[in-house]
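Predicted, not measured: the structure shown is a model, and the values here were computed from it.
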Amino acid sequence: ELSYPPPRAREYMQFYFNERGMEFQYLQTSSFSNEIVKEAENVLGILLYGWLSDDFMRSIASLKVPMIIVGNSRRFLGIPQVELDIKACAELVTEELIRGGAKRIVLFNSAPDYYSSHDLESGFRKAMKRHGLGESMESVVAVMDGSRKESLDRLIPAYMKYDAMIFELGIYYSFLAASRINHWDLKQRIGIFPTSIDFTDQWNCDLVRASHDTVFGRFRQSIFEIASDMLLAYILNRKEMRTIKLKPEIDDGAKEG
């Protein structure tokens, strides 16, 4: 039922390769199988996106096809990756909220086993420590996937006196839904971290803002476009593929130009 990669990213890659006279195939899978072997018999390269397990990666690497990991994942030796600097993004958003006057900030983070959670918490705590703010264990709240709405229904009222709340993007969607139902009178500034999906001017800048001073961390470049460029350069010119980490910026809702 999941839609990976994000629909507009998939459409973009289809258009990108079609324009260059190359066929793009999309295959969604949860395990390595004969179907993948059959599909990969004559491919020039593979872009990998999603939750990548050790067993799956060992199996697909055995195909000996040039491949790139698109998005944040655990590192797999010898396979280049185009990823977002999530730690720097968390630090940047936290800094922006502190500059706006926030002193008590809570981070609603994903479950600890999600590979971006550690980077989000590390960036958040680094910014808080730099400003000498009294962040404690209660400043970071892990919200489990299966009960996000119920957890937020209970948690948000407990943090109403905080100056700012920061959400991982997936949790932010649940927060918006919970806000519409509960009619919370929120006065806090809101910060959002993207994780697996990159915010670009072309695709994802029209997200709903909880308030006029909602702050988004975003990445102007697209991980999908960069990975496609890199793979194509390798296929056509054997240009070396290497791991790239994209740097974030702040989108505070101000109109550019």
Side-chain angles (χ1 to χ4, degrees), residues 2 4-6 8-9 47-53 57 68-77 79-99 102 105-131 133 135 139-145 148 164-175 189-205 207 210 214-227 230 242-252:
L2 299 177
Y4 287 129
R8 281 180 281 181
L47 300 172
L48 296 158
Y49 179 81
W51 191 282
L52 307 174
S53 68
M57 292 302 292
I68 299 173
I69 297 172
V70 185
N72 292 57
S73 177
R74 288 173 297 121
R75 293 293 177 87
F76 293 94
L77 190 63
I79 301 178
Q81 185 167 338
V82 179
E83 60 183 323
L84 308 176
D85 194 337
I86 296 298
K87 183 176 179 179
C89 186
E91 191 175 347
L92 194 63
V93 169
T94 307
E95 282 277 358
E96 183 71 12
L97 293 173
I98 293 171
R99 278 197 296 270
I105 306 174
V106 59
L107 164 63
F108 292 100
N109 204 359
S110 296
D113 60 343
Y114 184 55
Y115 39 71
S116 293
S117 294
H118 179 266
D119 286 345
L120 289 174
E121 181 171 347
S122 295
F124 169 74
R125 291 195 183 280
K126 184 177 179 181
M128 295 286 281
K129 184 176 181 180
R130 182 185 298 119
H131 291 271
L133 297 180
E135 46 106 12
S139 298
V140 179
V141 180
V143 181
M144 303 304 165
D145 288 347
R148 281 182 174 177
M165 298 179 181
I166 303 177
F167 298 90
E168 181 270 326
L169 181 61
I171 300 172
Y172 178 63
Y173 291 136
S174 299
F175 164 72
R189 298 191 75 199
I190 304 294
I192 297 96
F193 302 143
T195 50
S196 59
I197 298 175
D198 51 344
F199 287 179
T200 65
D201 289 338
Q202 303 98 310
W203 295 346
N204 291 313
C205 282
L207 288 171
T214 297
V215 174
F216 286 100
R218 72 171 180 179
F219 298 84
R220 189 173 292 276
Q221 294 175 289
S222 164
I223 51 176
F224 300 103
E225 183 171 356
I226 290 175
M230 190 187 302
R242 58 189 178 85
T243 291
I244 295 176
K245 184 175 285 190
L246 303 187
K247 295 300 180 184
E249 62 182 43
I250 287 292
D251 175 8
D252 60 3

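Once rounded to the nearest 0.5 Å, the distance linking CD1 of Ile244 with CD of Gln221 reads 8.0 Å. Residue Leu92 holds its CG atom at 11.0 Å from NZ of Lys247, rounded to the nearest 0.5 Å. Separation of atoms CZ (Phe193) and CG (Asp119) is listed at 11.0 Å; rounding is to 0.5 Å. For the atom pair CG of Asn109 and CD1 of Ile171, the computed distance is 6.0 Å after rounding to the nearest 0.5 Å. Atoms SG and CG, on Cys89 and Leu120 in that order, are 8.0 Å from each other to the nearest 0.5 Å. The structure places OG of Ser174 at 10.0 Å from CG of Leu169, a figure rounded to the nearest 0.5 Å.
Listed by chain and number, the residues in a ring-ring contact (aromatic ring centres under 6.0 Å, His included) with Phe175 are Phe167 (sequence neighbours excluded). Listed by chain and residue number, Leu52, Ile69, Phe76, Gln81 satisfy the side chain to side chain contact (heavy atoms under 4.5 Å, CB included) test with Ser73 (two or more places apart in sequence, or in another chain). Under the side-chain hydrogen bond (donor to acceptor under 3.5 Å, both in side chains) criterion, Arg99 pairs with Glu96, sequence neighbours left out. A search for side chain to side chain contact (heavy atoms under 4.5 Å, CB included) contacts involving Ala88 returns Asp85, Pro248, not counting sequence neighbours. Under the side-chain hydrogen bond (donor to acceptor under 3.5 Å, both in side chains) criterion, Arg130 pairs with Glu91, Glu95, sequence neighbours left out.
Between Tyr49 and Phe224, the distance from one ring center to the other falls under 6.0 angstrom.
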Exercise for the section: Go through the steps for Ile192 and Ile166 under the test side chain to side chain contact (heavy atoms under 4.5 Å, CB included), then give the verdict. Expected result: CA-CA 6 Å; Ile192 297 96; Ile166 303 177; over 6 Å; no

Exercise for the section: Might you work through the side chain to side chain contact (heavy atoms under 4.5 Å, CB included) test for Val141 and Val106, ending with a clear yes or no? Expected result: CA-CA 7 Å; Val141 180; Val106 59; 3.9 Å; yes

Exercise for the section: Please lay out, stage by stage, how Leu246 and Ile226 fare under the test side chain to side chain contact (heavy atoms under 4.5 Å, CB included). Expected result: CA-CA 10 Å; Leu246 303 187; Ile226 290 175; 3.5 Å; yes

Exercise for the section: Decide side chain to side chain contact (heavy atoms under 4.5 Å, CB included) for Ile223 and Glu83; before the verdict, give the C-alpha distance in whole Å, the side-chain angles of both, and the deciding distance to 0.1 Å. Expected result: CA-CA 7 Å; Ile223 51 176; Glu83 60 183 323; 6.0 Å; no

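Contact check for Leu48 versus Val70: no side-chain heavy atoms found under the 4.5 Å cut-off. The shortest distance between side-chain heavy atoms of Thr214 and Arg189 does not fall below 4.5 Å. Counting heavy atoms from C-beta outward, Tyr172 and Ile190 have side chains that approach closer than 4.5 Å. Inter-residue side-chain proximity for Leu84 and Lys245 is flagged as unmet; no heavy-atom pair is nearer than 4.5 Å. The side-chain heavy atoms of Leu97 and Val215, taken from C-beta on, include a pair separated by under 4.5 Å. The closest side-chain heavy-atom distance from Pro112 to Met144 is below 4.5 Å. A 4.5 Å side-chain heavy-atom check between Leu133 and Ile98 finds at least one atom pair inside the cut-off. Contact annotation: the side chain of Phe108 never approaches that of Glu168 to less than 4.5 Å [non-hydrogen atoms, C-beta and beyond].
The two atoms that bring Ser122 and Lys87 nearest to each other are CB-CE, 3.8 Å, heavy atoms only.
Ser117 places a side-chain N or O within donor-acceptor distance of the main-chain N or O of Ala111, the cut-off being under 3.5 Å.
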